[in-house]
Novice: 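My questions will all concern the structure given below.
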Amino acid sequence: MDSDGSFYEDKVVRSAIDKRISPSWAYWYPVEQLPEWLNDNERIDFLEKFPENKNFNLVEVAFDHRKIFSEARNWIKKNKNLIPKPENPLIPLNRGNSALTTDIIVVRYKKDEKKFQIALIVRGAKPFLGIKALPGGFVNYQEQPVSGAIRELQEETHLNGLEKDAYLLEYRGSPDRDPRQHTITCVYILKSTAGKILGGDDAADAAWFDLDEVFKWPDIAVEDLDPTKISLDQRHLSFDHAIILRNFKNWWKKEGKKKRMYIEV
């Protein structure tokens with residue numbers, strides 16, 4: 001769900017900006033994953049542990065930064081106890097850029113019970129650990145948002161979304177919608193193929209909830225209530241997902257059923 005290197009990890013240093021990326025970009029990497037710091041024997045060990053970096057070109061490091069990296073690496077080995085930890089480990093290091101995410105709404109109609117149901121997950125990681133949420137997550141580099149939505153849905157619920165039926169409900173970008181960093185989310189309504197729902201990836205669990213009952217939850221039903229200000233022990237949904245479902249509720253009553261944006265099981 002979270003992009004690699006987006007948030008604080010122990011023993012991290014800012015890498016030099018090499019020739020392959022724009023000077024306006026900088027990244028944080030775990031020390032152990034910086035191959036430009038490695039001598040020949042260490043490089044062999046590194047590639048055995050991280051084979052995905054086999055094409056990394058050690059020459060593509062600007063100026064004399066390889067020497068600086070080597071000296072810094074040796075210092076870190078000797079002074080690990082001097083490296084401070086942040087007061088809030090969720091504070092992002094990439095403060096200069098917003099991140100693109102997706103949130104996914106999937107509805108099914110259960111014919112034997114004559115009920116519409118919505119797929120929700122229970123978050124298995126901070127923030128909002130143990131609180132229900134819409135499936136979703138970060139869009140990868142060079143990935144279409146709708147493709148990211150389908151991927152995240154599959155990873156977190158094992159449901160397979162159908163791209164041809166994808167409907168963009170809205171996008172949201174309030175700077176405080178995610179305590180980790182500024183995220184802009186594309187909210188997609190997807191149809192899915194029939195299948196068993198099962199939590200995975202960042203989702204500790206996933207299940208179908210009766211849509212009418214979800215719409216009655218106070219953080220959705222009470223229009224003048226700001227659900228993001230509710231204490232965590234009183235919240236039904238993570239992030240601003242209650243506001244998303246308020247907007248979906250209005251759309252569903254006006255258009256959703258007519259558009260048949262659901263599957264029957």
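FYI, the numbering just counts along the sequence from 1.
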Novice: Do side-chain atoms of Glu155 reach the backbone of Glu152 as a donor and acceptor pair under 3.5 angstrom?
Specialist: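 No; zero donor-acceptor contacts below 3.5 Å.
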Novice: Nearest 0.5 angstrom please: Gln154 CD to Leu159 CG, how far?
Specialist: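 Reported value, rounded in 0.5 Å steps: 8.5 Å.
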Novice: Do you know the tightest heavy-atom contact between Asp178 and Arg180?
Specialist: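 It is OD2-NH2, 2.7 Å.
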Novice: Any link between Val214 and Tyr188 through a network of hydrophobic side chains (Ile, Leu, Val, Met, Phe, Trp, Tyr) touching at under 4.5 Å?
Specialist: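 No, Val214 and Tyr188 fall in different hydrophobic clusters.
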Novice: Sort and list the pairs that fulfil ring pair (Phe, Tyr, Trp, His ring centres under 6.0 Å) and have at least one residue in residues 108-133, not counting sequence neighbours.
Specialist: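 Matches after skipping sequence neighbours: Tyr109-Phe116, Phe116-Trp252, Phe116-Tyr262, Phe128-Phe239.
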Novice: To the nearest 0.5 Å, how far apart are CD in Glu223 and CD1 in Ile243?
Specialist: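 Rounded to the nearest 0.5 Å, the CD-CD1 separation comes out at 10.5 Å.
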Novice: Give me the one residue out of Leu245, Val106, Asp212 that meets side chain to side chain contact (heavy atoms under 4.5 Å, CB included) with Ile118.
Specialist: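 With Ile118 as partner, side chain to side chain contact (heavy atoms under 4.5 Å, CB included) holds for just one option, Leu245.
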Novice: Answer yes when Lys258 and Glu255 have at least one side-chain N-carboxylate O distance shorter than 4.0 Å, and no when they do not.
Specialist: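 Between Glu255 and Lys258 there is no salt bridge, as every charged N stays at least 4.0 Å from the carboxylate O atoms.
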Novice: To the nearest 0.5 Å, tell me how far Ile184 CD1 sits from His182 NE2.
Specialist: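 Answer for the CD1-NE2 pair, Ile184 versus His182, is 4.5 Å.
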Novice: Looking only at atom types and distance, does a side-chain atom of Thr157 sit under 3.5 Å from a main-chain N or O of Leu153, one as donor and one as acceptor?
Specialist: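 Flag set: sc Thr157 to bb Leu153 pair under 3.5 Å.
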Novice: Working to the nearest 0.5 angstrom, can you tell me the gap between Leu190 CG and Asn160 CG?
Specialist: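 Leu190 CG to Asn160 CG: 11.0 Å, rounded to 0.5 Å.
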Novice: Salt bridge check, Asp103 against Arg177: does any charged N sit closer than 4.0 Å to a carboxylate O?
Specialist: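 Salt bridge: yes.
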Novice: Same cluster or not: are Ile131 and Ile220 linked, directly or through other Ile, Leu, Val, Met, Phe, Trp or Tyr residues, by side-chain heavy atoms under 4.5 angstrom apart?
Specialist: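 Ile131 does not cluster with Ile220.
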Novice: Run Tyr171 and Val187 through side chain to side chain contact (heavy atoms under 4.5 Å, CB included) and show every step you take.
Specialist: CA-CA 6 Å; Tyr171 68 88; Val187 182; over 6 Å; no
Novice: Say you draw a straight line from OG1 of Thr193 to CD1 of Ile263; how long is it, rounded to the nearest 0.5 Å?
Specialist: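 That separation rounds to 7.0 Å.
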Novice: When rounded to the nearest 0.5 angstrom, what is the spacing between CD in Glu156 and CD1 in Ile197?
Specialist: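 Rounded to the nearest 0.5 Å, the CD-CD1 separation comes out at 10.5 Å.
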Novice: Is there a side-chain contact between Leu211 and Phe248, using heavy atoms and a 4.5 Å cut-off?
Specialist: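 Of all side-chain heavy-atom pairs linking Phe248 with Leu211, at least one is under 4.5 Å.
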Novice: Which residues pass the salt bridge (charged side-chain N to carboxylate O under 4.0 Å, His left out) test with Lys254, sequence neighbours left out?
Specialist: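 None.
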Novice: Does the pair Lys110/Glu264 count as a salt bridge with the N-to-O cut at 4.0 Å?
Specialist: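 Salt bridge absent between Lys110 and Glu264.
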Novice: Side-chain heavy atoms under 4.5 angstrom apart, residues restricted to Ile, Leu, Val, Met, Phe, Trp, Tyr: same cluster for Tyr167 and Ile150?
Specialist: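 The answer is no; the residues belong to distinct hydrophobic clusters.
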Novice: Do Ile244 and Val146 land in one hydrophobic cluster if side-chain heavy atoms of ILVMFWY residues count as linked below 4.5 Å?
Specialist: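 No, no single cluster joins them.
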Novice: Using only atom types and a distance under 3.5 Å, with no angle test, would you say the side chain of Arg246 pairs donor to acceptor with the backbone of Val222?
Specialist: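 Present.
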Novice: Could you check whether any side-chain heavy atom of Lys132 comes within less than 4.5 Å of a side-chain heavy atom of Ile121, counting everything from C-beta outward?
Specialist: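 Answer no - side chains too far apart.
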Novice: Any non-hydrogen side-chain atom of Thr101 less than 4.5 Å from a side-chain atom of Val139?
Specialist: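 In short, these two side chains do not touch, never coming nearer than 4.5 Å.
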Novice: For residues Asp165 and Met261, report the shortest heavy-atom separation together with the two atoms involved.
Specialist: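 That closest heavy-atom pairing would be O-CE, 3.1 Å.
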Novice: Taking the side chain as everything from C-beta on, heavy atoms only, tell me whether Ile189 gets closer than 4.5 Å to Lys259.
Specialist: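 No, too far: nothing below the 4.5 Å cut-off.
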Novice: Do any pairs count as a ring pair (Phe, Tyr, Trp, His ring centres under 6.0 Å) and have a residue in residues 190-237, sequence neighbours left out, and if so which ones?
Specialist: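 Passing the test, one end in residues 190-237: Trp217-His236.
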Novice: With no hydrogens and no angle check, is any side-chain donor or acceptor of Arg123 less than 3.5 Å from a backbone partner on Pro127?
Specialist: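 It does hold such a pair.
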Novice: I need the minimum non-hydrogen distance between Leu100 and Pro145, along with the two atoms involved.
Specialist: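 Residues Leu100 and Pro145, closest heavy atoms: CD2-CG, 3.9 Å.
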Novice: When you compare the side chain of Gln181 with that of Thr183, does any pair of heavy atoms fall below 4.5 Å?
Specialist: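 Thr183 vs Gln181: side chains touch.
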Novice: Do you know the tightest heavy-atom contact between Pro135 and Ala119?
Specialist: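 Of all heavy-atom pairs spanning Pro135 and Ala119, the closest is CD-O, 3.7 Å.
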Novice: Provide the closest heavy-atom pair for Leu168 versus Cys186 in the form atom of the first, atom of the second, distance.
Specialist: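 Taking every non-hydrogen atom into account, CD1-CB, 3.9 Å.
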Novice: We want to know whether Thr228 and Asp240 form a side-chain donor-acceptor pair, criterion being a heavy-atom distance below 3.5 angstrom.
Specialist: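 Asp240 and Thr228 do not have a side-chain donor-acceptor pair below 3.5 Å.
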Novice: Are Ile230 and Leu237 connected into the same hydrophobic cluster when the rule is that any two of I, L, V, M, F, W, Y join if their side-chain heavy atoms are below 4.5 Å apart?
Specialist: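 Each belongs to a different hydrophobic cluster.
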Novice: Answer yes or no: are there more than 12 heavy-atom neighbours, outside Gln144 itself, under 6.0 Å from its atom CD?
Specialist: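 No - once you tally the heavy atoms of other residues, nucleotides and ligands closer than 6.0 Å, there are 12 at most.
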